[in-house]
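Just so we're on the same page: letters track the sequence lines, and every chain starts at 1.
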Amino acid sequence: MFTLQQTDTRSSARAGVVHTDHGDILTPIFMPVGTVGTVKGVQRRDLEDDIKAQIILGNTYHLYLRPGTHILHEAGGLHRFEGWTRPILTDSGGYQVFSLTDIRKMTEEGVQFSSHIDGRKLLFTPESVMDIEREIGADIVMAFDECCPGTADRAYAKASMERTHRWLDRCIARFDSTPDLYGYRQHLFPIVQGCVYTDLRQDAAKRLRDLDRDGYAIGGLAVGEPAEKMYEMIEVVNDILPQDKPRYLMGVGTPWNILEGIERGVDMFDCVMPTRNGRNGMIFTRNGVMNMRNKKWENDFTPLDPDGTSYVDQQYTRAYVRHLIHAQEMLGLEILSIHNLAFYLWLVGEARQHILTGDFKPWKDEMMQRLMNRL
RNA sequence: GGGUGUGUUCCAGAGUGGCCAAAUGGGGCAGACUGUAAAUCUGCUGUCUCUCGACUUCGGUGGUUCGAAUCCAUCCGCACCCA
């Protein structure tokens with residue numbers, strides 16, 4: 001499923017290709033999040049042509065609640081339902097175990113959620129989640145795990161990890177005994193947990209490595225622990241995961257987080273940050289972050305991002321965008337979402353080029369300084 | 001011309017003797033956001049020190065009172081009704 005093309009000489013950065021039946025994904029890659037079957041505020045045309053997204057996410061928990069798995073099955077899978085012909089990856093609902101703590105109850109069997117929509121009780125088990133993900137039909141499906149909080153103590157983290165492993169066995173048993181429903185191949189990625197504890201992360205990585213799946217995810221990071229701990233855990237895990245399989249760092253992150261991840265051998269990233277922060281008025285650029293609500297842009301009639309690669313960067317001025325955000329006009333949300341996603345895809349594309357040409361490290365070091373500026 | 005009502009901090013609008021620098025909403029300013037319960041949330045929004053605290057404000061002026069945004073007189077503005 002994965003072709004490793006180039007490994008950086010001065011870091012663990014890699015360039016490669018993930019092959020799926022919906023097309024190849026050039027790595028390192030950022031995957032826009034489309035939780036409920038839409039990358040919020042962005043039309044498919046812009047996602048494809050302007051942002052140049054190669055793969056997007058969907059979420060099992062959310063899609064199960066709405067529109068419901070039967071509708072997706074009837075549509076012929078999520079690709080057809082939302083009209084996206086490139087690869088899709090679905091998260092399993094493991095993140096909701098973390099983010100919806102007050103409306104869920106965890107047992108060995110699975111997780112009982114009280115629907116955040118109408119309150120009805122739903123039991124998610126490793127088996128039912130695999131069945132749902134089969135029906136959604138993503139190219140890459142994530143195992144059902146617990147995204148353990150970064151602040152968990154060691155005892156909790158260990159128990160959580162072990163349960164995730166037991167659930168993983170059940171996920172694999174179910175997934176491997178059920179067919180692809182729509183005529184293309186689906187791939188199940190297990191998830192390394194272990195919180196911020198080196199030995200737990202090592203245990204988890206070794207256990208997963210031996211399963212010999214098509215790709216691996218690193219989960220439970222950027223959930224409350226210090227960034228340095230996150231980087232450290234990535235190194236620990238990537239030292240163990242096989243070189244010839246793609247590695248996906250779940251839910252990360254800021255542009256600088258992503259460069260640090262790439263440097264440490266991560267191939268795939270996803271995060272709500274470009275879209276959510278965009279909707280909340282913040283944009284990332286190669287020269288730093290900008291809060292477009294700020295007064296200083298009030299009469300700045302220069303392009304939104306003169307260095308940006310998206311058409312919105314050249315077509316709209318900062319003053320105009322600030323006005324749209326202040327007036328709560330939906331076009332503002334759309335423009336900033338498109339900008340941020342285009343920037344993220346540009347960033348990982350540049351990283352890939354620099355890995356291929358062999359100067360990733362100096363390029364990364366220089367970018368880091370600029371990315372974190374506040375403009 | 002007569003009558004009634006009204007004037008509060010950027011706006012709207014509470015407050016009708018001390019617990020009022022003054023509710024609440026809006027606006028403004030800033031911050032947060034990491035496998036999306038998020039077009040959301042948080043803080044600040046008279047001045048000065050910026051912690052305690054001090055000072056100046058509720059249309060103007062003059063009173064009553066220990067004490068007034070709140071009561072009285074008068075003037076000014078605005079709204080509506082009657083001629």
Rounded [atom1] spacing from [N] to [M] in Å:
N      : M      : atom1 : result
G7(B)  : U70(B) : P     : 11 Å
G53(B) : C19(B) : P     : 15 Å
A73(B) : C66(B) : C1'   : 22 Å
C11(B) : G27(B) : C1'   : 7 Å
U57(B) : G46(B) : C1'   : 7 Å
A68(B) : G17(B) : P     : 14 Å
C20(B) : G31(B) : C1'   : 30 Å
G26(B) : C41(B) : P     : 10 Å

Could I get the full list of side-chain hydrogen bond (donor to acceptor under 3.5 Å, both in side chains) partners for Thr3(A), not counting sequence neighbours?
->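 Once residues adjacent in sequence are excluded, the partners of Thr3(A) under the side-chain hydrogen bond (donor to acceptor under 3.5 Å, both in side chains) criterion are His19(A).
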
Would you call Tyr184(A) and His79(A) a side-chain contact if the rule is heavy atoms closer than 4.5 Å?
->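 Contact flag for Tyr184(A)/His79(A) side chains = yes.
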
Write down the partner of [N] under the Watson-Crick or G-U wobble criteria, each distance required to be under 3.5 Å.
N      : value
A73(B) : U61(B)
C44(B) : G28(B)
A22(B) : none
G1(B)  : C82(B)
A14(B) : none
A39(B) : none
U9(B)  : none

Reading nucleotides 28-39 of chain B 5' to 3', which nucleotides get B (base under 4.0 Å from a protein heavy atom), which S (sugar-phosphate only), which -?
-> SSSBBBBBBBBB

Using the side-chain contact (heavy atoms from CB on, under 4.5 Å) rule, pick out the option among Thr27(A), Asp270(A), Asp267(A), Ile140(A) that qualifies with Tyr248(A).
->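 Between Tyr248(A) and the candidates, side-chain contact (heavy atoms from CB on, under 4.5 Å) is satisfied uniquely by Asp270(A).
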
Using the side chain to side chain contact (heavy atoms under 4.5 Å, CB included) rule, take Leu47(A) and Leu341(A) through it: C-alpha gap first, then chi angles, then the decisive distance, then the call.
-> CA-CA 8 Å; Leu47(A) 214 44; Leu341(A) 287 175; 4.1 Å; yes

May I ask you to decide whether Asp176(A) forms a salt bridge with Arg213(A), counting only side-chain N to carboxylate O separations under 4.0 Å?
->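 Yes, charged N to carboxylate O under 4.0 Å.
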
With the threshold set at 4.0 Å, does a side-chain nitrogen-carboxylate oxygen contact exist between Glu334(A) and Lys40(A)?
->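 Answer for the salt bridge query: no.
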
Gln96(A) side chain to Asn59(A) side chain, donor-acceptor N/O pair below 3.5 angstrom =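 Indeed, the side chains of Gln96(A) and Asn59(A) share at least one donor-acceptor pair under 3.5 Å.
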
